[in-house]
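Only heavy atoms go into these numbers, but all of them, side chains included; no hydrogens, no water, no symmetry mates. Chain letters run A, B, ... following the sequence lines, proteins first, then strands; residues in each count from 1.
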Amino acid sequence: MHFPSKANLLRPVNIAPKRAAEQHCLSLLQTCTSLSHLTQIHSLLLKLGLQHNPPVLTKFTSTSSTLNAIHYASSLLFSSNDNITHYDAFLFNTVIRAYSQTSSHSTAVYYYKLMLKNGVLPNKFTYPFVLKACACVGRLSLGEQVHGSVIKVGFDNDIHVGNTLVHAYGCCGGGIGFARKVFDEMPEWDSVSWSAMIGGYARLGMSSEAVGLFREMQVARVRPDEVTMVTVLSACTDLGALELGRWVESYIEREKVPKSVELCNAVIGMYAKCGDVDKALNLFKKMSEKTIVSWTSVIVGMAMHGHGLEAVSLFEEMKEDGLVPDDVVFIGLLSACSHSGLVKEGRRYFNSMLEGFGIVPKIEHYGCMVDLLSRAGLVKEALDFVQKMPIEPNQIIWRTLIAACRSHGELNLGESITKQLIRDEPMHESNYILLSNIYAKKSHWEKKTKIREVMEKKGMRKIPGSTMIELDNEIYEFVAGDKTHNLYKEIYEMVDEMGREMKRAGYLPTTSEVLLDIDEEDKEDALNRHSEKLAIAFALLKTPPGTPIRIVKNLRSSIIGKQKRSERPG
DNA sequence: ATAGGGTTAG
């Protein structure tokens, strides 16, 4: 005869108190705010044998004192005398995730390596955690190392792992090709996979690739979600593709894509930077939950299009709204002051950063101030400001100052600073162009020719200026002298016709400097204008009369309105 | 217990 043993009979009875104890510990952890409190809970957990309990461990990262929780969890790792159990991967995962969440990415990676060293096999949750940390560290070799492990352990077909792998490679310098390879070889794709890849392109400024991939996503019939739309919008913003941006917004409405704060901010940023400032402001005002990023987006947009005063009053409104300014919004605000000549206000705001908000100004803020003083013609003051800065000035700051020297006649000062810059960074081509420009302004043609020769000897080539234009959901890019377009003959005929029309309308080309050896920057301008002409001619050919034409150059767009359009012959 | 996103000086 066989009766169940006493122990077996008792077991169901024992489970209940254990569950109750677990619940008790969870609620204790919920309210845990200090290390001493955590230590008390720790001893209780040990007494109850719950120190490796998964729900309890998970709770750690959501306590108000995540850092204390990490210390506790890591101490468990080191003090554990138990045999390796299936909880060990869990324990490591908890620690890796916790460090990753507190921006200690290198430490998170350290624990991942410790895990491998101890012979603990990572599971399918480990890789998304550790790859997130790899993405933030941004080192390609590290990404490749983890990728190797993913393949070895056999998680390369897991969609979560694949998606984070795409993301991590996309965040590592030089890793975008690897990201694409992983993406192409994935057995299946969801909206997260597509967003990760599109977002990777967008982050790098490979915006045409981003938009192209979005089209492929639609062909593949994967439904984009709000995150996908954010990545596509940031590509539109970068390209200045207002029409595509408008289409994305209507898609969001039509498909009822949930509008997260991030998505609203992306839409507002797109309109603000592509030049439809009113639309951006309208949408911004209608937003129910505005974050500091929403305010920053409109302030930067206003600054960019010369509405400095509006930017300043938006900033004041933001403070009245109870939001505390951060370092980023100050960059937008100071650049607004700079672009609108608000020297006094800019100075006041700069000083208020530390005094009023305890924000230590960074190099970007100092850069804004140098720009503010320089544009206002206060070159000597700008130099003084740079010399007294508590941070080492960077090349951007020096170049801002040099440009100010050039346009405000401080040529000797500009020359000596530029020469110093070239000594520091002999392979940076824009420094040579600056020096060449200064020689031109001084009419030192021989010296200028010499600079050009030096550049040639060093194998430096100038990147040509280009103009982009958006027509029928396609983006066309033109450089000066471009003959790659199959309509180029018609385009050049149109350019000639435009010239004749402009003359007839009373336009006189500036000829005063034509006979001189015009300086490099003016030549550059002339060439840039040439690429603009090509783009405009192309648009005139392809659109009916009266259509506004919008051209885009390096994130700045200008509108050639209907009036000018009416000059169109025929 | 797992993944992708919005703002940043010239």
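Here the nucleotide nearest the side chain of A:Asn265, chosen from B:dG6, B:dA3, B:dT2, is B:dG6. For A:Ser191, the side-chain atoms get nearest to B:dG4 when compared with the rest of B:dA9, B:dA3, B:dG4. Relative to the side chain of A:Arg203, the nucleotides B:dG6, B:dG10, B:dG5 differ in distance, and B:dG5 lies closest. Listed nucleotides: B:dG10, B:dT2, B:dT7. Nearest to the side chain of A:Arg399: B:dG10. Side-chain proximity of A:Val293 to B:dG5, B:dT2, B:dG6: nearest is B:dG6. Nearest to the side-chain atoms of A:Glu364 among the listed nucleotides B:dG5, B:dT8, B:dA1 stands B:dT8. When the nucleotides B:dA1, B:dG5, B:dG6 are ranked by their closest atom to the side chain of A:Arg97, B:dA1 comes out on top.
Counting non-hydrogen atoms under 4.0 angstrom, A:Val328 reaches a base of the nucleic acid. As judged by a 4.0 angstrom heavy-atom cut-off over every strand, A:His160 is placed among the base-contacting residues. Within 4.0 Å of A:Lys132, counting heavy atoms only, lie sugar-phosphate atoms of the nucleic acid but no base atom. The residue A:Asn93 sits close to a base: some heavy atom pair falls under 4.0 Å. In this structure, A:Ser260 reaches the bases: a heavy-atom distance under 4.0 Å links it to at least one base atom across the strands shown. Looking at heavy-atom distances under 4.0 Å, A:Asp190 makes contact with a base. When heavy atoms are screened at a 4.0 angstrom cut-off, A:Val261 is found touching base atoms of the nucleic acid. The residue A:Ile159 sits apart from the nucleic acid: no heavy atom pair falls under 4.0 Å. Across all strands, A:Thr126 comes closer than 4.0 Å to no nucleic acid atom at all (heavy-atom distances). A:Leu131 comes within contact range of no nucleotide atom at all, as no heavy-atom separation falls under 4.0 Å.
For A:Thr400 against B:dG10, a side-chain-to-base donor-acceptor contact under 3.5 Å is absent. Side-chain atoms of A:Thr296 stay outside donor-acceptor range of the base of B:dG6, with no qualifying N/O pair under 3.5 Å.
Remark: A:Lys344 pairs with no residue by the salt bridge (Lys or Arg N to Asp or Glu O under 4.0 Å) rule, at least two apart or across chains. Every residue two or more places apart in sequence or in another chain was checked for a salt bridge (Lys or Arg N to Asp or Glu O under 4.0 Å) with A:Lys113, and none qualifies. For A:Asn351, the side-chain contact (heavy atoms from CB on, under 4.5 Å) test picks out A:Glu355, with sequence neighbours left out. Residues passing the side-chain contact (heavy atoms from CB on, under 4.5 Å) test with A:His105 are A:Ser100, A:Ser103, A:Ala133, A:Cys136, A:Val137, sequence neighbours excluded. Shown here are the side-chain contact (heavy atoms from CB on, under 4.5 Å) partners of A:Leu204, two or more places apart in sequence or in another chain: A:Ile176, A:Met206.
Look at CE on A:Met197: it is 16 Å from C1' on B:dG5, rounded to the nearest Å. Distance, A:Lys259 NZ to B:dG6 P: 19 Å, rounded to whole Å. Here the P atom of nucleotide B:dA9 and the CG atom of A:Asn394 are 12 Å apart, to the nearest Å. Going from atom OH of A:Tyr349 over to atom C1' of B:dA9 covers 18 Å, rounded to whole Å. In this structure, the CZ atom of A:Phe129 is 11 Å from the P atom of B:dG4, given to the nearest Å. Atoms CD1 (A:Ile402) and P (B:dA9) sit 19 Å apart, rounded to a whole Å. If you take CG of A:Leu373 and P of B:dG10, they are 13 Å apart, rounded to a whole angstrom. One interatomic measurement links the two molecules: CZ of A:Phe90 to P of B:dT2, which rounds to 10 Å at whole-angstrom precision.
Listed pair A:His167 / B:dA3 fails the phosphate criterion, with no side-chain N or O lying under 4.0 Å from OP1 or OP2. At B:dG6, none of the side-chain N or O atoms of A:Lys273 fall inside 4.0 Å of OP1 or OP2 (strictly under the cut-off).
The existence of a salt bridge linking A:Lys362 and A:Asp327 is confirmed by a sub-4.0 Å separation between a basic side-chain nitrogen and an acidic carboxylate oxygen. With respect to the salt-bridge test (charged N to carboxylate O, under 4.0 angstrom), the residues A:Glu316 and A:Lys319 qualify.
Inter-residue side-chain proximity for A:Gln420 and A:Asp424 is flagged as met; some heavy-atom pair is nearer than 4.5 Å.
Between A:Trp194 and A:Phe214, the distance separating the two ring centers is not shorter than 6.0 angstrom.
Taking a 4.0 Å limit (strictly below) on heavy-atom distances, residues 221-228 of chain A reaches DNA chain B at A:Asp225, A:Glu226, A:Val227, A:Thr228.
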